[in-house]
Amino acid sequence: MSPSRHSGYAPQDIEPKWQKVWAERGVMKAADDSLKPKFYNLVMFPYPSGPLHMGHMRNYVIGDVLSRFKRMQGFEVLNPMGWDAFGLPAENDAIKRGGGVHPEDWTRGNIAIAKQQLGIMGVLYDWDREVTTCDPAYYRWTQELFLLMHERGLAHRMMSPVNWCPVDKTVLANEQVINGRCWRHPEVEVEKRDLEQWFLRITEYADRLLDDLKLLDHWPERVRLMQANWIGRSQGVEVEFPIDGHPGESMRIYTTRPDTLFGVTFMVLAPEHPLVEKLAVQSRRDVVRQVVEASRREREIDRMSSEVKRLGAPTGAFAVNPLNGEKVPIWVGDYVLITYGTGAIMAVPGHDQRDFDFARQFGLPIREVIAPPSGPQRDLYKAYIGAGVVVNSGPFDGIDSKTGAERIADFIEQKRIGKRSVKYRLRDWLISRQRYWGCPIPVVHCEVDGIVAVPREDLPVLLPREYRPLADNAEFWRAKCPKCGRDARRETDTMDTFIDSSWYFLRYTSAHDKTQPFDPELANHWMPVDQYTGGIEHAILHLLYARFFQKVLLDAGRVDATEPFARLFTQGMIKRGGAVMSKSKGNGVAPDDLVERDGADAARIYELFIGPPDEDAEWSDAAIAGPVRFLQHVWRLVESPDSFEVTGSDVSTTLLRRRVHQAIRKVTEDYESFHFNTAVAALMELANTLQKFLQGGGQRDEDWQFAVRMLVLLMNPMAPHAGEELWSRIGGTGLAADAAWPEFDSAAAAEMDVTLVVQVAGKVRDRLTVPVGLSEEKALAMALASERVGAAFDGRKPSKVVYVPDRLINLVP
RNA sequence: GUCGGCGUGGCGGAAUGGCAGACGCGCCAGCCUUAGGAGCUGGUGUCCCCUGGACGUGGAGGUUCGAAUCCUCUCGCCGACACCA
């Protein structure tokens, strides 16, 4: 059934019409040379994995509302769109279908569908700037940026343990490892193999990535916190422990608690630590090797439980505590990570829970060196990890642990047995993927010259059309060394797709540049992105990588902005049936069906009205009726105001004017602050006021015309098709999309009378209608004159009066 | 375990120190109507001695003239990270 039957509102008729007009007139084309202030509005580009559902669409609707709003406010808006088109799902899907579909065809097909879906939702972009990361015209510049990283010493090859499926004989991405098993062969455990991999040295930027978070005061606090935790800077001390009986050999450890150095009762090496083999005494070698092997396998299996039994064995060697000369045993233990700090620790079971558990399990001694302020009694089941007074620590006894940590660190540096040091949990970024559907890494391996970059003029290194691993494609990997001309082997790894998305926002600023990744002048004109909108799932990786790229490009003199995204908004997910809407769960709502039944405008408004956009929301199939009725209501108000019966109401012309100006103020503020749900509510209220005005027999004079015009313009960013149609029907000049945003008149918006709440001891006793700005004396007199209040005081004076003008008066007896 | 977020009618939510429940969904009653899943009017937190009043924002305490809002503790749900020395 079409809603048109009763209100005349027929979205199916008007929506395609205006979509065509917007496209023909290039409404969302951004001019590089405009005199208007620029506004770069960016929505995270999608991975085209299939048709979009209303969960995805929320993001694009929010972005579109903002673009349209900012345009009407007089900004030159850059609002581009593209496709994060490389990646595993394309290959997985091809595999699922027996290899029948080429990843590229699958991807291009999905792009075409998604693009069409955005179109029918009335979401506009400057499609002239469209980028697709799997286009050679794009990835050629991804390769160029890789070369830039390589030249700057930021891209390097290094041995690294990777996940290896023994059946497929291939490396797996982390996402393809499920509970330590291959996603396609759950019967076999994944192995760790050491392979040479490409890394980007993001750790060199750890400090700046952390410190510059302070500049991002328009980012959500929690995203900044997540990034700070991910980078994980800690300050501590590295200390050398000489090894007993191995002159010249020492064990370097890192600790954030130098105040506990006198509490060391043993040392632990990570199983992968090179000293393990060297130090293990003959009689211990087999046991130690067993632990190393077992922990190697253990690593792969989900270790969610904190009650895991530790793996460990003594090496038989001893280290000497450089502070007190004590000999302590060196163990190997699976709880020490080779990837953090020095891969070796001093164990202080008295004041570290993990060391405590290990000591308990293996019967190692525990010594107290920090006395808790609460007294000397110690919990036998856990370590005391708090601050206190240093004890059993020779010359440092008696000082508080915080000062003690500094004194001992000073002492260590004076004696040259160690130094203060900063560590990060952030690792270098492993970007190699042994996968077909990705951007080829543009280097060649030559037996004589080693790793040689492909010269820029030879870019792009084209991904062959033939779908099979690049390492198996001799036509691809057979190459000549660019330096010496000998036969060489082309790199067959492709890049992590997060690289493609780390610079796409720069490409939009000059999407057709044939000589460079982006034109620095245009990039500097548009950057930074004024508003970036996307899912919270990208709070860490994508946003960190993009910030890293921006800083590298800043250092290379290619961009001026320190940070790429000035303002960030992370929208919540749409759930249905309690689960996040997704293709795999089959609970997605297709925009196509909604558009057909209720129209794009109703679908858009419902998505905005569903709740605060930064929070998750539960989809209701029934609740879209509200937005549908709202649009019909507005249509009827504008197109057939005579159809409202005059039944009497008290909405005067003055009140109508006032409500209109209040709505302008409210809706403008709500758009600015992303409170779209309350913006919709404000427009619904305005429509209800217009109806009351008609029912009160209000004349359709200038004030009425003004009210209608404002209603249409205010709703236009959210319901642009109905907005355009009504705008043209009421004789608006040009497109509503190009109309100037309404300004409110604060005098016209001001109320004459307000409701003053009268409280006695904080309880509401009466409500008085009083003029704005009433004096306290008059308010008090009126309050006491009130029957229900006067009775409570019976002629006595209140002991206290709290008066909040235009709001309330509270009388305390 | 660590960090963070959220708990308000039957439902989505509004109110960020000042009238709790705006706006909408659903529901109830009525009107109109050859019947539409339309439109219009009124109602819709709980309870009571019902022109009024008491209680009410997960729970317990606190600060304040006044708390959904701030503080402490606690319970529940969700998310991120997870042996980071």
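Only a predicted model underlies this, so the values are computations on that prediction, with no experimental measurement involved. Just so it is clear, the values below take in all heavy atoms, side chains as well, and ignore hydrogens, waters and symmetry mates. Order of the sequence lines fixes the chain letters, A, B, ..., with proteins taken first and strands second; residue numbering starts at 1 for each chain.
Within the nucleic acid shown, Ala681(A) comes within 4.0 Å of at least one base atom, counting heavy atoms only. Ile610(A) comes within 4.0 angstrom of the backbone, heavy atoms only, and of no base. If you check every strand for non-hydrogen atoms under 4.0 Å, Arg765(A) touches sugar and phosphate atoms only. Residue contacts for Val804(A): at a heavy-atom cut-off of 4.0 Å it reaches a base atom on one of the strands shown. Heavy atoms of Ser620(A) sit nowhere under 4.0 angstrom from any nucleic acid atom. At the heavy-atom level, Leu225(A) lies under 4.0 Å from the strands shown only through sugar-phosphate atoms. Using a 4.0 Å heavy-atom distance criterion, Pro627(A) is classed as making no nucleic acid contact. Within 4.0 Å (heavy atoms only), Arg425(A) reaches at least one base atom of the nucleic acid. Residue Glu618(A) is out of contact with every strand shown, counting any heavy-atom pair closer than 4.0 Å. Residue contacts for Arg767(A): at a heavy-atom cut-off of 4.0 Å it reaches a base atom on one of the strands shown.
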Check nucleotides 40-48 of chain B against the protein and report each pair of N or O atoms closer than 3.5 Å, with its distance, or say if there are none.
{"unit_1": "rC40(B)", "atom_1": "O3'", "unit_2": "Gln695(A)", "atom_2": "NE2", "d": "3.4"}
{"unit_1": "rU41(B)", "atom_1": "OP1", "unit_2": "Gln691(A)", "atom_2": "NE2", "d": "3.4"}
{"unit_1": "rU41(B)", "atom_1": "OP1", "unit_2": "Gln695(A)", "atom_2": "OE1", "d": "3.3"}
{"unit_1": "rU41(B)", "atom_1": "OP1", "unit_2": "Gln695(A)", "atom_2": "NE2", "d": "3.1"}

Report, one pair per line, the protein and nucleotides 26-31 of chain B atoms (nitrogen or oxygen only) whose separation is under 3.5 Å.
{"unit_1": "rG26(B)", "atom_1": "OP2", "unit_2": "Arg629(A)", "atom_2": "NH1", "d": "3.3"}

Under 3.5 Å, which N/O atoms of the protein pair with N/O atoms of nucleotides 68-70 of chain B?
none

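The shortest distance between the side-chain N/O atoms of Lys763(A) and the OP1/OP2 oxygens of rC55(B) is below 4.0 Å. Taking side-chain N and O atoms only, Tyr254(A) has no distance below 4.0 Å to OP1 or OP2 of rA85(B). Between Asn229(A) and the phosphate of rG4(B), there is no side-chain N or O to OP1/OP2 separation shorter than 4.0 Å. In this model, the phosphate group of rA22(B) is not approached by any side-chain N or O of Asn688(A) to a distance below 4.0 Å at OP1 or OP2.
Among the nucleotides rG18(B), rC19(B), rC65(B), the one closest to any side-chain atom of Val812(A) is rC65(B). Closest to the Leu337(A) side chain, of the nucleotides rC23(B), rA85(B), rC19(B), is rA85(B). When distances run from any side-chain atom of Ile345(A) to the nucleotides rA85(B), rG66(B), rC19(B), the shortest one goes to rA85(B).
Contact record, Arg597(A) with Ile624(A): NH2-CG2, 3.6 Å, taken as the closest heavy-atom pair. Taking every heavy atom of both residues into account, Tyr9(A) and Leu631(A) meet most closely at OH-CD1, 3.4 Å. The shortest non-hydrogen separation linking Ile345(A) to Ile253(A) is C-CG2, 3.5 Å. Closest non-hydrogen pair, Ala313(A) versus Val291(A), comes out as CB-CG2, 3.7 Å. Scanning all heavy atoms of the two residues, the minimum distance from Pro613(A) to Ile62(A) falls at CB-CD1, 3.8 Å. Contact record, Asp259(A) with Ile370(A): OD2-CD1, 3.6 Å, taken as the closest heavy-atom pair.
Every stem involving RNA chain B, taken as at least 3 paired positions in a row under the Watson-Crick or G-U wobble test at 3.5 Å, is listed here: B:1-7 with B:75-81, B:10-12 with B:23-25, B:26-31 with B:39-44, B:45-48 with B:52-55, B:58-62 with B:70-74.
The aromatic rings of His538(A) and Phe498(A) lie perpendicular to each other, with more than 60° between the two planes, well past the 30° mark. Using cut-offs of 30° and 60° for the angle between ring planes, the Tyr606(A) and Trp619(A) rings count as perpendicular.
rU44(B) and rG10(B) have their C1' atoms separated by 11 Å, with the value rounded to a whole Å. The C1' atoms of rC40(B) and rU46(B) are separated by 31 Å, rounded to the nearest whole Å. The separation of rG26(B) from rG18(B), taken at their C1' atoms, amounts to 32 Å, rounded to a whole angstrom.
Counting only distance, with no hydrogens or angles, the side chain of Tyr671(A) and the backbone of Leu714(A) share a donor-acceptor pair below 3.5 Å. The backbone N or O of Val812(A) lies less than 3.5 Å from a partner atom in the side chain of Ser799(A), making a donor-acceptor pair. Judged by distance alone, with hydrogens and angles left aside, the side-chain atoms of Thr342(A) form a donor-acceptor pair with the main-chain N or O of Ala344(A) at under 3.5 Å. Under the 3.5 Å distance criterion, the side-chain polar atoms of Glu607(A) are matched with a main-chain donor or acceptor of Arg58(A).
Base orientation of rG9(B): syn, since the glycosidic angle falls within 90° of 0. With its glycosidic angle more than 90° from 0, rG13(B) adopts the anti conformation. Taking the O4'-C1'-N9-C4 or O4'-C1'-N1-C2 dihedral as appropriate, rC50(B) has a value within 90° of 0 and is therefore syn.
With ring centers used as reference points, Tyr335(A) lies under 6.0 Å from Phe358(A). Residues Trp429(A) and Phe199(A) place their aromatic rings such that the two centres sit no closer than 6.0 Å.
Remark: the Arg310(A) side chain and the rC83(B) base include a donor-acceptor N/O pair separated by less than 3.5 Å.
Between the CD1 atom of Ile231(A) and the P atom of rC3(B) there is a distance of 19 Å, rounded to whole Å. Atom-to-atom, CD1 of Ile540(A) to C1' of rC3(B) comes out at 11 Å; the value is rounded to the nearest Å. Between Phe630(A) atom CZ and rG39(B) atom C1' the separation is 18 Å, expressed in whole Å. Trp230(A) places its CH2 atom 10 Å from the C1' atom of rA80(B), with the value rounded to the nearest Å. Rounded to whole Å, atom P of rC65(B) lies 16 Å from atom CD of Glu776(A). Between Leu261(A) atom CG and rA85(B) atom C1' the separation is 12 Å, expressed in whole Å. One atom, OH of Tyr384(A), and another, P of rA85(B), lie 18 Å apart when rounded to the nearest Å. Note: CD1 (Ile385(A)) to P (rU2(B)) measures 8 Å, nearest angstrom.
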For side chain to side chain donor-acceptor pair (under 3.5 Å), just list the numbers for Arg665(A) and Gln662(A), CA-CA rounded to whole Å, side-chain angles, deciding distance to a tenth of an Å, and then say yes or no.
CA-CA 5 Å; Arg665(A) 179 170 58 197; Gln662(A) 287 171 348; 5.8 Å; no
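Annotation: of the two residues near RNA chain B, Gly341(A) and Met226(A), the 5′-most nearest-nucleotide partner is Met226(A).
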For residues 765-776 of chain A, run the donor-acceptor check on the side chains, cut-off 3.5 Å, and write out each pair with its distance to 0.1 Å, sequence neighbours left out.
{"unit_1": "Asp766(A)", "atom_1": "OD2", "unit_2": "Ser786(A)", "atom_2": "OG", "d": "2.7"}
{"unit_1": "Ser775(A)", "atom_1": "OG", "unit_2": "Lys778(A)", "atom_2": "N", "d": "3.3"}

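Within the structure, side chain to side chain donor-acceptor pair (under 3.5 Å) contacts touching residues 219-238 of chain A (residues at least two apart or in different chains) are Asp207(A)-Arg233(A), Asp211(A)-Arg233(A), Glu221(A)-Arg224(A), Gln227(A)-Arg547(A), Ser234(A)-Tyr254(A), Ser234(A)-Tyr340(A), Glu238(A)-Arg252(A), Glu238(A)-Ser421(A), Glu238(A)-Lys423(A).
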